2 protein chains.
Amino acid sequence: MRKGNATRERILDIAEAGVLAKGFGATSIDEIIAEAGITKSGFFYHFHDKNELARGLLARHRGRLGQLVDEIFGRAAELSDDPLQQLLIGLTLFAEHMAAMPGGHPGCLVATMSYQDQLFNREVRAMVSSIVEDWNGFFRTMIEKIVAAYPLREPVDPGRIARNITCAIDGGIIMSKSLGDPSVLPEQMLMARNYVKMLFQPAALHAVPREALAA
Amino acid sequence: MRKGNATRERILDIAEAGVLAKGFGATSIDEIIAEAGITKSGFFYHFHDKNELARGLLARHRGRLGQLVDEIFGRAAELSDDPLQQLLIGLTLFAEHMAAMPGGHPGCLVATMSYQDQLFNREVRAMVSSIVEDWNGFFRTMIEKIVAAYPLREPVDPGRIARNITCAIDGGIIMSKSLGDPSVLPEQMLMARNYVKMLFQPAALHAVPREALAA
DNA sequence: CCGAGAACTGCACCGGCGGTACGGTTTTCT
DNA sequence: AGAAAACCGTACCGCCGGTGCAGTTCTCGG
């Protein structure tokens, strides 16, 4: 019973490393069980198929990442009472966290699986989209608080802004991977941050009219 | 000879539909040849392995999309001489084009393959990243022209802005797919547009100080 | 209209993969 | 001590990407 959970976790650890390094499809069960030192029967005792493995990975990932986000934005809330500052600080800390990862961030399970959705059944797909919706909802809540406190420079729907942050993260991950340059993700997280900042910060305080520059 | 090219194109057509619908890994050669009405030997006569099929798909995709982008931004250049306006108009037209596609945009081969890179060899991966770099370069050129003509509201590197546009497109595609909502892509393309607009447009002309709103 | 090369067909085969089936064994907790 | 959990061993299945090679049909330039 306790040993069962330990084995399950070990399978998930090995699988997660493989999926992040090579993708879900390229991480074979044979390879997982070889590294875990178990047999195929043992694997299928814990996960009745590969979809269940995917769900297990996603569930664990959601929990861990949720905890990280809680810590980061909790810290941001300690540093400022202002909702706009909280989001800006949180995004900066988040970007720094990603930049600080040795050898670059590991890549995101959700992003990885979004693009291999054809490998999975409905349950897994539903799980992926619900996680994406969670992210959008998280940022949306923050942005709605900001909207209540700040004038918007442009008439933009809070949901769109939230999705833009999530998109910047997903797009940053995918581009980091495509270009082999881990710095793109934190860079684009900061771009999203800057976007929010510009949308809400009283622009007149910072903008310099063209004529003034020419002079 | 001519017939050979026709078959090759038919294979690519069928494969492309499959890849966009189900992903590259899930599109089997058996299934392609069944639909094309040829044998396995026939397939491998045209493509010596699946990587070459991927390269064929990417090459065709790059050509077609390049043509579309040329048309769209050519039209934008007709509509305005101003580099900023050209980019803004081009992005709007691009977003409208994506929104107008029946049943939503088909998804992007490059984005799809970026996340299945473990399935491919170095050549294909190099091709994917070179296409992404093309996109970044394209937007970067446009943005550098804008930078030469407009004051920047925030000190942001043109490369970062270019990558942000590409990220918005990739992220938009991936989120559209995850959520099953094709409207996210055009929406996020317009968000990227709005970002550029805010970065360059003389802010003081539009921004309303908070006190003025309260009054 | 003929010949050469392009464009295939047909068939047999390989190893890796996800997955099934099922009986037997060890480990763990109560 | 006994029941349930946690495996092991083995044999098997169909799909998949891919190979090899001999034979056939089509197409087009000369």
Side-chain angles (χ1 to χ4, degrees), chain A residues 1-19 21-58 112-113 115-125, chain B residues 1-19 21-58 112-113 115-125:
Chain A
M1 290 162 167
R2 222 171 269 145
K3 190 191 169 193
N5 266 328
T7 303
R8 206 187 121 97
E9 285 300 305
R10 216 165 74 253
I11 292 174
L12 286 173
D13 285 339
I14 296 166
E16 185 172 319
V19 170
K22 307 176 299 178
F24 193 82
T27 306
S28 73
I29 295 174
D30 282 347
E31 156 195 342
I32 293 171
I33 64 177
E35 199 176 331
I38 58 171
T39 63
K40 222 168 186 179
S41 313
F43 175 87
F44 284 107
Y45 173 80
H46 289 285
F47 304 94
H48 105 278
D49 62 11
K50 234 187 163 189
N51 279 288
E52 200 175 312
L53 175 66
R55 266 180 285 150
L57 286 173
L58 284 173
T112 303
M113 292 187 180
Y115 254 103
Q116 309 199 326
D117 59 351
Q118 72 287 139
L119 295 174
F120 308 118
N121 60 21
R122 289 182 205 91
E123 292 174 62
V124 179
R125 280 195 289 258
Chain B
M1 289 159 167
R2 224 170 267 145
K3 189 189 168 194
N5 266 328
T7 303
R8 207 188 120 96
E9 285 301 305
R10 215 164 77 250
I11 293 174
L12 287 172
D13 285 339
I14 295 166
E16 185 173 319
V19 170
K22 309 176 298 180
F24 193 81
T27 305
S28 74
I29 295 175
D30 283 347
E31 156 194 342
I32 294 171
I33 63 176
E35 199 175 331
I38 57 172
T39 63
K40 223 168 186 178
S41 312
F43 175 87
F44 284 107
Y45 173 80
H46 288 286
F47 304 96
H48 106 276
D49 62 11
K50 231 188 165 188
N51 279 287
E52 201 175 311
L53 175 65
R55 267 180 285 147
L57 286 173
L58 285 174
T112 304
M113 292 185 179
Y115 254 104
Q116 309 201 327
D117 59 352
Q118 72 286 138
L119 294 174
F120 307 118
N121 62 19
R122 288 182 207 90
E123 292 175 63
V124 178
R125 279 194 290 258

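Just so it is clear, the values below take in all heavy atoms, side chains as well, and ignore hydrogens, waters and symmetry mates. Nothing here was measured: the structure is a model prediction, and the numbers come from that model.
- The C1' atoms of five pairs define one axis at each end of the helix from dC1(C)-dG30(D) to dT30(C)-dA1(D), and these two axes lie 30° apart (to 10°).
- The interatomic distance linking Phe47(A) (CZ) with dG18(C) (P) rounds to 14 Å, in whole Å.
- Residues that satisfy the salt bridge (charged side-chain N to carboxylate O under 4.0 Å, His left out) test with Glu35(B), not counting sequence neighbours, are absent from this structure.
- Between dA7(C) and His46(B), no contact under 4.0 Å exists linking OP1 or OP2 to a side-chain N or O.
- Partners of Asp13(B) by salt bridge (charged side-chain N to carboxylate O under 4.0 Å, His left out), not counting sequence neighbours, listed by chain and number: Arg60(B).
- With sequence neighbours excluded, no residue forms a side-chain contact (heavy atoms from CB on, under 4.5 Å) with Ala21(A).
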With 3.5 Å as the limit, what N/O pairs link the protein to nucleotides 17-24 of chain D?
unit_1, atom_1, unit_2, atom_2, d
dG17(D), OP1, Lys50(B), NZ, 2.9
dG17(D), OP2, Ile29(B), N, 2.8
dG17(D), N7, Lys40(B), NZ, 3.2
dG18(D), OP2, Lys50(B), N, 2.9
dG18(D), N7, Lys40(B), NZ, 3.2
dG18(D), O6, Lys40(B), NZ, 3.3

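- Counting only heavy atoms from C-beta outward, the side chains of Arg10(A) and Ile38(A) approach each other to under 4.5 Å.
- The nearest whole Å value for the distance from the CD1 atom in Ile33(A) to the P atom in dG19(C) is 13 Å.
- Straight-line distance from the CD1 atom of Ile32(B) to the P atom of dC16(D): 11 Å, rounded to whole Å.
- To the nearest 0.5 Å, the span separating CD1 on Ile29(A) from CZ on Phe43(A) amounts to 4.5 Å.
- The salt bridge (charged side-chain N to carboxylate O under 4.0 Å, His left out) search around Asp30(A) returns Lys40(A), not counting sequence neighbours.
- dC7(D) atom P lies 7 Å from atom CD1 of Ile11(A), rounded to whole Å.
- In this structure Ala15(A) satisfies the side-chain contact (heavy atoms from CB on, under 4.5 Å) test together with Ile32(A), Leu53(A), Leu57(A), sequence neighbours excluded.
- Between the P atom of dC28(D) and the CG atom of Asn5(B) lies a distance of 11 Å, rounded to the nearest Å.
- Between the OH atom of Tyr45(A) and the P atom of dT27(C) there is a distance of 15 Å, given to the nearest Å.
- Listed pair Thr7(B) / dC8(C) meets the phosphate criterion, a side-chain N or O lying under 4.0 Å from OP1 or OP2.
- For Arg55(B), the salt bridge (charged side-chain N to carboxylate O under 4.0 Å, His left out) test picks out Glu123(B), with sequence neighbours left out.
- For Ala17(B), there are no side-chain contact (heavy atoms from CB on, under 4.5 Å) partners two or more places apart in sequence or in a different chain.
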